[in-house]
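Step one of this worksheet: look at the structure below.
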Amino acid sequence: MMDKKLRVGILGATGMVGQRFISLLENHPWFEVVTLAASARSAGKTYEEAVGGRWKMTTPMPEAVKKLVVMNVNEVEKVASTVDFVFSAVDMTKDEIRAIEEEYAKTETPVVSNNSAHRWTPDVPMVVPEINPEHFDVIEFQKKRLGTTRGFIAVKPNCSIQAYAPALTAWKEFEPYEVVATTYQAISGAGKTFKDWPEMVENIIPYIGGEEEKSEQEPLRIWGKIEDGVIVKAQEPKITCQCIRVPVLNGHTAAVFVKFRKQPTKEQLIDRLVNFKGVPQELNLPSAPKQFIQYMEEDNRPQVKLDVDYERGMGVSVGRIREDSIYDWKFVGLAHNTVRGAAGGAVLCAETLVAKKYIQAK
């Protein structure tokens, strides 16, 4: 599909999600990382020097980026002039992130963001490409507001919802209307490893700031519709959540209870999961899982240790579908929070945007 690779910049390249972008984009068939940007204190150093001993991936730092000199993320025009589009994983306040991402978009540089700052901006699409790629259509309205011809912002949703929103989407025809979910979330979601956060060993913390609200509300935005140039969130299913930090490095698990208006059988539920696919599978995009959702029959699966890397971390694993005594059905889901849930989800969004001609060479 690509004659020449698109030139990519990573904003916030030294942090954990920035590192994940770099490792996922190594040898990418469409994208080449040419620019790394971070805060002023990293600017001017090589990437290897700037990261120092803080490389958190299990795979080594790609040779291609080691000697790249880190640019100052606040020198927007300068960074933007070197790339066709950027991935954003900057670590700033929400207001600062909103402002800098818009600044990049106004240089006619598309921004595909991993941050939460723009997830509720009415004309910014928040997309899981298998679920709601049609929300990218709202970009035309956003460009009018920004006064751009090719610059815009697109975001991916929170990592916590990836373990249950895809399953609920696959079951739409049965009209789920009430959902209780508890998520058991990995420490990499906080940008940490056990080395940085020893108090998480053998521990559980029953609170993750802002996470419960995101887990309850973001699926409704994904299931929403574009009306009058903005995304209007869906009203159902009503979701209530508890989000718990657990001593796991990668992988968010969700235990979920669902009420349906139309009663499915277990066979129907499993069938809809394993046959669920979307635009990424139809277009065979480079990062797309061949099978988005797998169903595991064993009572003790999905397990983080065995299943988190399903489809290179881009797939969702579901198990333990069974009837419930209060709700109709219950299940357990698992997704990789920094691959599907963060950088990988953003890369797949970018691939979808390229396929839809929203991102092109400058």
Side-chain angles (χ1 to χ4, degrees), residues 16-17 19-24 26 54-61 114 128 130 156 158-168 170 181-208 211 215 241-257 269-270 273-274 276 287-322 330-348:
M16 193 172 206
V17 175
Q19 293 178 22
R20 177 68 74 183
F21 272 120
I22 284 168
S23 59
L24 288 176
E26 187 180 16
R54 293 177 300 118
W55 180 254
K56 295 179 178 182
M57 300 296 108
T58 49
T59 50
M61 184 185 289
N114 185 67
V128 176
E130 284 86 353
K156 52 136 287 291
N158 199 41
C159 48
S160 62
I161 74 170
Q162 315 283 340
Y164 57 91
L168 295 171
T182 302
T183 57
Y184 303 87
Q185 301 190 202
I187 63 171
S188 57
K192 302 262 205 296
T193 62
F194 286 110
K195 197 175 85 189
D196 320 318
W197 203 3
E199 58 273 35
M200 268 314 296
V201 175
E202 295 187 23
N203 193 18
I204 277 180
I205 299 177
Y207 173 71
I208 304 169
E211 202 74 0
S215 304
C241 259
Q242 298 212 67
C243 298
I244 297 174
R245 187 74 74 195
V246 294
V248 158
L249 178 60
N250 291 312
H252 288 356
T253 299
V256 189
F257 300 79
L269 291 173
I270 293 171
L273 291 180
V274 298
F276 184 67
S287 300
K290 292 278 175 279
Q291 186 169 346
F292 182 29
I293 308 174
Q294 68 168 340
Y295 184 73
M296 315 196 77
E297 298 284 352
E298 304 90 329
D299 288 337
N300 63 351
R301 302 284 282 276
Q303 284 180 34
V304 169
K305 270 215 155 114
L306 302 174
D307 304 313
V308 75
D309 292 320
Y310 167 64
E311 288 279 12
R312 306 178 318 286
M314 288 297 288
V316 177
S317 301
V318 172
R320 303 205 69 209
I321 291 179
R322 57 220 193 280
K330 53 192 167 189
F331 71 95
V332 174
L334 168 68
H336 196 307
N337 57 298
T338 67
V339 183
R340 170 55 77 164
V347 172
L348 190 58

Could you walk me through whether L269 and Y295 pass the side chain to side chain contact (heavy atoms under 4.5 Å, CB included) check?
CA-CA 10 Å; L269 291 173; Y295 184 73; over 6 Å; no
Please find the pair of heavy atoms, one from D307 and one from P302, that lie closest to each other, and give the distance.
OD2-CA, 3.1 Å
Are any of the side-chain nitrogens in E199 or K192 under 4.0 Å away from the carboxylate oxygens of its partner?
no
N114 versus A343, closest heavy-atom pair with distance:
OD1-N, 3.9 Å
Nearest heavy atoms of F331 and A163, plus distance in Å
CE1-O, 4.2 Å
Out of curiosity, N337 CG to Q162 CD, how far, rounded to the nearest 0.5 Å?
9.5 Å
Test of understanding: with ring pair (Phe, Tyr, Trp, His ring centres under 6.0 Å), list the residues that count as partners of F21, not counting sequence neighbours.
F87
Spatial distance of atom NZ (K56) from atom CG (L249) [nearest 0.5 Å]
10.5 Å
To the nearest 0.5 Å, tell me how far L306 CG sits from L334 CG.
10.0 Å
Working to the nearest 0.5 Å, report the span between CD of Q185 and CD1 of I204.
12.5 Å
Can you confirm whether W55 sits close enough to P60 that some side-chain heavy atom of one is under 4.5 Å from a side-chain heavy atom of the other?
no
Residues 309-318, side-chain donor-acceptor partners within the protein, below 3.5 Å, at least two apart:
{"residue": "Y310", "atom": "OH", "partner": "Q291", "partner atom": "O", "Å": "3.0"}
{"residue": "E311", "atom": "OE1", "partner": "K290", "partner atom": "N", "Å": "3.3"}
{"residue": "E311", "atom": "OE2", "partner": "K290", "partner atom": "N", "Å": "3.1"}
{"residue": "E311", "atom": "OE2", "partner": "Q291", "partner atom": "N", "Å": "2.8"}
{"residue": "R312", "atom": "NH2", "partner": "S287", "partner atom": "O", "Å": "3.2"}
{"residue": "S317", "atom": "OG", "partner": "Q294", "partner atom": "NE2", "Å": "2.9"}

Would you say CD of Q242 has more than 12 non-hydrogen atoms from neighbouring residues, nucleotides or ligands within 6.0 angstrom?
no
Roughly how far, to the nearest 0.5 Å, is the CZ atom of R301 from the CZ atom of R320?
13.5 Å
What residues, two or more places apart in sequence or in another chain, satisfy salt bridge (charged side-chain N to carboxylate O under 4.0 Å, His left out) together with R245?
none
For the residue pair L273 and I293, what are the closest heavy atoms and their distance?
O-CB, 3.6 Å
Could you report the tightest heavy-atom contact between A255 and Y184, atom names first, then the distance?
CB-CE1, 4.0 Å
Between S160 and S215, is a side-chain hydrogen bond (donor to acceptor under 3.5 Å, both in side chains) present by the stated rule, with each step listed?
CA-CA 6 Å; S160 62; S215 304; 2.8 Å; yes
For A186, does its backbone N or O pair with a side-chain atom of H252 as donor and acceptor, under 3.5 Å?
yes
Are side-chain heavy atoms of R340 and L348 found at a separation under 4.5 Å?
yes
Here the gap from M16 atom CE to I187 atom CD1, rounded to the nearest 0.5 Å, amounts to 7.5 Å
Let me see the working for E211 and N158 under side-chain hydrogen bond (donor to acceptor under 3.5 Å, both in side chains), right down to the final yes or no.
CA-CA 8 Å; E211 202 74 0; N158 199 41; 2.8 Å; yes
Closest heavy-atom pair, A254 versus T183, reported as atoms and distance to 0.1 Å, is CB-CG2, 4.1 Å
Whether over 12 other heavy atoms sit under 6.0 Å from N300 CG
yes
